[in-house]
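I have placed the structure first, in the form of structure tokens, so that the comments after it can refer back to it.
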Amino acid sequence: RADNFAQAWEVMSGICDKNLMSVPLIAVGLKKTLTMVVVCFVIEWLSRNKTHALQIESLCPIWRFVIYYIIVLCILEFGANSQSFVYFNF
């Protein structure tokens, strides 16, 4: 609750700021993000008749290991940075 009109006006002007309605800048990892989206679509399309995307028993074990290794590397590369648990703030 605002103590006076000036304080309330400042809050309201911050809520209705022009920057809030502007078009956001292109994200910094857009090329990586689009690449990963395309890769996910291709994997989904290739495995559309299977139970899940990693149902690859027909491949030899070496290629399966390579695919699993690539998945782990992608998780490490694109995974979130260390963040504090949100409920620790309460």
Qualifying side-chain hydrogen bond (donor to acceptor under 3.5 Å, both in side chains) pairs with a residue from residues 63-75, counting only residues at least two apart or across chains: none
Within one Ile-Leu-Val-Met-Phe-Trp-Tyr cluster: Ile75 and Val66, side-chain cutoff 4.5 Å: yes
Pair up each side-chain donor or acceptor in residues 2-11 with any protein partner under 3.5 Å, not counting sequence neighbours, and list the distances.
residue : atom : partner : partner atom : Å
Asn4    : OD1  : Ala6    : N            : 3.4
Asn4    : OD1  : Gln7    : N            : 2.8
Gln7    : OE1  : Asp3    : N            : 2.8

Atom CD1 of Ile62 with >12 non-hydrogen neighbours under 6.0 angstrom: no
Residues in salt bridge (charged side-chain N to carboxylate O under 4.0 Å, His left out) contact with Glu77, at least two apart in sequence or another chain: Lys32
Counting only pairs under 3.5 Å, give me each side-chain donor-acceptor contact of residues 34-48, with atom names and distances, residues two or more places apart or in other chains.
residue : atom : partner : partner atom : Å
Thr35   : OG1  : Lys31   : O            : 2.7
Ser47   : OG   : Ile43   : O            : 2.8
Arg48   : NH1  : Trp45   : O            : 2.6

For Gln55, side chain to side chain contact (heavy atoms under 4.5 Å, CB included) partners two or more places apart: Lys50, Thr51, His52, Glu57
Nearest-0.5 Å distance that lies between atom CG in Leu54 and atom CD1 in Ile71: 4.5 Å
